[in-house]
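Please read all numbers here as calculations on a predicted model, not as lab measurements. In the text below, chain A, chain B and the rest are named by the order of the sequence lines, each starting its count at 1.
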Amino acid sequence: MSIADSLIAFIAVIGTLILAFFVSAWLPGIERRFQARIQQRIGPPISTPGIMAPLKFFFKEVINPNSPMPGLYNVLPIIGLIITISLLMITMPQLYVLAAFTSVIALVGLLKVEEIIYMFMGSLSQSVLSLKMPFPDIVKGAKHPGVRRSFVEELSSMRAFRLIAFGSFPIYIAIFVTVAIAKSIYISDIVSYQQIHGPILFSLAGILGAIVFFIGFMILLNEYPFAILKTKADVIEGPLLEYAAKYRAYVYISRGFLIFVLASIFSTLFLGIPPNILSWTILINIAVTLVFTMIMATVSTFSPIFTFKQFYPLVAGVSMIGILAIIASFL
Amino acid sequence: MDEDNKVTKKQVIETEVPLGTVHSAAIEPYRVRLFVEDEIVKDAEITVGVNHRGVERIMEGLPVEKANSLTEKICGICSNSHIWNSVLVAEKALGIEVPERALYIRIIMEELERLHSHMLYLAHGSEVLGHETFAMRIFYIRETVMELLRMIGGNRVQYGVPIIGGIRPRAELDLMRIQKIKDGMDFVEEKITEFAERFVSDPMVMSRITGVGILKKEDAIRLSATGPTLRATGVDIDLRRDMPEYESFEFNVITQDDGDVKANILVRVLEIPESIKIIRQAIDHLPEGKITNRSWDMEDSPVTNNYIEVPRGKLYHSYSLDDGRVRNVIIRTPSITNIGAMEYACIGYHITDAQLAIVQCDPCFTCTDRAIKIIQI
Amino acid sequence: MSLKSYSRARSVHVMLVYTGGCNGCDIEIVNCIFSPKYDAEQYKIFLTWNPREADVLVVTGPVTKHNEQPLREIYKAIPEPKAVIAAGACALMGGVYKNINGDIPSEEIMGPVDKIIPVDAKVPGCAVRPEDVLAGAVAALPKLLNAK
Ligand code: SF4
């Protein structure tokens with residue numbers, strides 16, 4: 001590859017990233033607005049949740065979080081953001097030269113790390129809202145005075161651990177549907193397979209896979225009804241409780257960005273359209289992102305929180321559909 | 001008691017998770033310590049008293065009219081019930097005749113309050129379920145009732161309608177107000193029916209609330225639960241049937257059998273049309289005449305008490321009158337007798353369901369925390 | 001307007017701490033933030049339950065004994081810049097619980113709120129009206145916007 005080529009590739013990668021950031025900043029706002037309209041109210045302007053809120057948090061005083069390791073705790077959202085960025089880069093066509101890194105395995109690995117981060121966050125946060133609340137609890141006559149006491153975040157940490165075990169199953173199965181169809185674990189092969197045979201989405205296996213992917217997408221984003229990590233009913237915000245100022249801004253940004261990235265993984269794997277600013281097809285990526293956001297907003301406004309009682313059967317059922325899809329892909 | 005994985009004497013409790021006093025699911029300040037094992041609640045302790053302001057104590061020695069309006073400040077959700085009951089005690093003690101029309105308007109107020117309280121319960125329950133949309137829909141319907149209350153009483157929360165011997169002149173219902181109440185009731189009934197149908201046909205919500213927070217009939221009676229919480233376990237009890245005030249009204253007592261969150265919600269949902277029925281009857285047969293009887297004299301009286309049925313159950317007020325001032329005030333609100341049921345109902349379920357099981361009993365810790373010690377003077 | 005105050009004005013997170021009182025104010029405020037009728041989100045005001053996220057602390061109730069310390073802690077947990085709105089007669093002057101009594105006054109009330117934490121805007125009413133709460137939030141905004 002000549003120097004000029006690599007320069008163009010470099011610019012394309014940076015350009016795509018910037019575009020992705022720009023688009024993803026609007027997504028939380030669109031989601032919130034959509035939900036508000038369903039709830040028969042006006043709702044916030046679409047720039048507020050995704051752009052103005054992080055900006056505001058950047059201008060707030062940086063405080064020391066209540067945490068055994070404040071440094072590590074604060075760095076975690078940045079790590080999450082970096083992982084999300086790498087996820088996007090993996091799917092970019094300019095980087096397919098890095099063969100081994102642009103395989104589905106790398107994708108799955110990075111997604112896993114993304115989940116593990118929540119577990120760390122949960123165990124490192126010690127908010128004032130539960131155990132630290134100054135309240136005379138252990139008094140004469142109190143029940144079980146000698147028991148180990150825990151923060152609510154510990155609870156979400158445990159839930160994150162469980163989610164690692166089974167929660168992300170659907171999205172992996174959906175990814176492997178495409179692998180099974182294209183018979184290669186390299187993203188470049190999956191894309192070129194679709195350029196020859198048409199998008200995977202328009203086959204039976206593809207449709208089933210897409211449904212499974214969408215459920216996995218919502219679980220990964222901890223969106224209602226899968227927000228057991230951060231239900232308002234018990235853990236308030238769970239692992240994110242202690243983030244303040246600019247670190248909270250990172251949390252906000254990476255959430256919007258993750259929506260975009262997961263949607264663009266979908267369009268790469270199921271439509272054969274990788275995010276690439278040099279081609280008009282990037283518009284399709286953006287369209288897919290918007291559609292995903294809106295469907296997600298609709299689903300989440302019409303459903304309550306799922307506890308594990310509903311969660312297990314749902315994941316099991318969705319995984320069954322995924323396996324069906326894999327079988328269908330061999331037919 | 002063991003068979004349904006509820007409390008057992010000996011058990012290993014792993015961890016305690018304290019929630020509160022500021023918490024998103026509670027809103028009111030209270031502390032609940034949940035003892036969990038693998039995210040399943042094994043025991044619970046609800047601490048009240050965070051909110052203690054000592055209303056009974058400051059009532060001691062106040063003129064009876066002033067004391068009556070102070071009882072309103074016990075609770076912002078069922079303020080009318082408190083002032084109504086307090087006024088009834090005074091009327092009972094002094095033997096005051098109340099004009100018919102005033103009685104009817106009091107009933108209308110009380111039932112309007114029941115409507116708004118039950119809707120608040122539904123909205124809060126939906127919030128705890130994580131279903132924001134249902135909460136919004138209910139809040140939207142509730143606004144109509146709040147506007148009616150504001151129209152009659154002049155305030156959205158504490159309306160202060162009953163006074164000794166009748167009702168406040170401001171709360172007189174003229175034709176325009178009656179028409180507004182009629183329209184409001186039509187709107188609420190239509191919307192609530194729609195909502196109820198939507199609610200019970202939602203499979204996701206139903207799977208969250210059926211079989212959660214089960215309270216058996218015997219347990220509920222043993223734990224002295226009251227009001228709709230008790231009715232949801234299948235006990236056919238409603239003080240309204242036996243109150244002389246409600247004698248001329250026809251309504252059904254709603255009961256459900258399961259004692260879980262679904263039964264609790266259904267009892268309240270189905271009570272809303274019954275309340276609307278009572279309001280309609282009251283409006284249709286509203287007697288003409290005076291609204292206040294001002295010809296009464298203050299006398300001393302021994303301790304008098306009275307029970308009424310309020311949105312959450314049975315409310316008890318008692319005091320004696322001495323030189324026009326109240327003494328020995330005792331107030332018992334329904335939520336305090338429901339606390340045992342709350343603690344019991346959340347045992348054996350996932351933590352997220354435990355909050356739901358507490359909320360299903362419609363707790364009002366503000367009512368509950370009104371007095372801890374009663375001072376004898 | 002600088003970007004700083006522009007962004008602050010366009011996204012306000014409100015936290016509610018309820019410190020006693022009669023529940024009336026509290027429900028009216030949650031109602032005001034929530035209900036489709038008043039919908040505070042259209043004015044870029046969001047309800048949160050996490051002090052680390054909040055900009056504005058709305059305090060209702062007369063601050064009872066057991067609520068004093070939690071209130072201080074929560075106030076401390078909010079990162080600067082922050083503003084405090086005291087809503088309701090109870091929060092402003094202790095309400096009926098502090099000021100009306102028969103033979104014995106109530107000893108439970110530690111308030112009013114401005115004895116415990118600095119208050120920037122006061123919303124009167126018993127109970128407060130949702131419109132007034134929105135006005136109070138607007139009154140507290142300059143403090144946020146002009147902060148460093
Ligand atoms: S100001 Fe009035 S309505 Fe508000 S909490 Fe106090 S007593 Fe209740």
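Across all non-hydrogen atoms, the minimal contact from B:Asn51 to C:Thr19 is OD1-C, 4.5 Å. Heavy atoms only, all atoms of each residue included: C:Asn23 and B:Glu28 are closest at ND2-OE1, 3.2 Å. What you find for B:His52 and C:Thr64 is that their closest heavy atoms are O-CG2, 3.5 Å.
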Checklist line | Worked check of side-chain contact (heavy atoms from CB on, under 4.5 Å) between C:Ile100 and B:Leu62 | finding: CA-CA 9 Å; C:Ile100 294 182; B:Leu62 277 182; 4.0 Å; yes
Margin query: The test is side-chain contact (heavy atoms from CB on, under 4.5 Å); show your working for B:Arg57 and C:Ile104 and say whether it passes.
Written below: CA-CA 7 Å; B:Arg57 209 187 315 172; C:Ile104 16 169; 3.2 Å; yes
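Using a distance-only test at 3.5 Å, with no hydrogens or angles considered, a donor-acceptor pair links the side chain of C:Tyr97 to the main chain of B:Lys73. Side chain of B:Arg53 to main chain of C:Gly21: a donor-acceptor pair is present (N/O by atom type, distance under 3.5 Å, no hydrogens or angles).
The OG1 atom of B:Thr21 sits 11.0 Å away from atom CD of C:Gln69, with the distance rounded to the nearest 0.5 Å. Taking CZ of B:Arg31 as the reference point, atom NE2 of C:His66 lies at 11.5 Å (rounded to 0.5 Å). Here the OG1 atom belonging to B:Thr366 is positioned 7.5 Å from the CD1 atom belonging to C:Ile27, to the nearest 0.5 angstrom. The distance from the NE2 atom of B:His23 to the CH2 atom of C:Trp49 is 10.0 Å, given to the nearest 0.5 Å. Rounding to the nearest 0.5 angstrom, the gap separating the CD atom in B:Glu147 from the NZ atom in C:Lys37 is 3.5 Å. Distance check, rounded to the nearest 0.5 Å: CE of B:Met59 to CG of C:Asp103 gives 12.5 Å.
Other residues, nucleotides and ligands place more than 12 heavy atoms under 6.0 Å from the CZ atom of B:Arg168. At most 12 heavy atoms of other shown residues, nucleotides or ligands fall within 6.0 angstrom of atom OH in B:Tyr140. Counting heavy-atom neighbours within 6.0 Å of B:Lys180 NZ, excluding the residue itself, gives a total of 12 or less.
Only the side chain of B:Leu120 has a heavy atom closer than 4.5 Å to any heavy atom of chain C. For B:Glu127, the part lying under 4.5 angstrom from a heavy atom of chain C is the side chain only. Contacts of C:Ile109 with chain B are made by side-chain atoms alone, with heavy-atom separations under 4.5 Å and no backbone atom involved. Contact annotation for C:Val30: only side-chain heavy atoms (C-beta onward) come within less than 4.5 Å of a heavy atom of chain B. Interface remark: B:His124 contributes no atoms to any contact with chain C (heavy atom separation under 4.5 Å). B:Gln158 touches chain C through its side chain: at least one heavy atom from C-beta onward sits under 4.5 Å away, while N, CA, C and O do not. Using a 4.5 Å cut-off between heavy atoms, C:Pro105 contacts chain B through its backbone alone, with no side-chain atom that close. Only the side chain of B:Arg142 comes within contact range of chain C, judged by heavy atoms closer than 4.5 Å. Proximity to chain B (any heavy atom under 4.5 Å) is shown, for C:Cys126, by both the backbone and the side chain. Looking at B:Arg325, neither its backbone nor its side chain comes within 4.5 Å of chain C, counting heavy atoms on both sides. For B:Val50, the parts sitting under 4.5 Å from any heavy atom of chain C are the backbone and the side chain alike. Using a 4.5 Å cut-off between heavy atoms, C:Leu47 makes no contact with chain B at all. Contact annotation for B:Ser24: both backbone and side-chain heavy atoms come within less than 4.5 Å of a heavy atom of chain C.
Options C:Gly61, C:Pro51, C:Pro130 differ in how many heavy-atom pairs under 4.5 Å they form with chain B, and the most are formed by C:Pro130. For the set C:Ala127, C:Pro36, C:Gly20, the count of heavy-atom pairs under 4.5 angstrom toward chain B peaks at C:Pro36.
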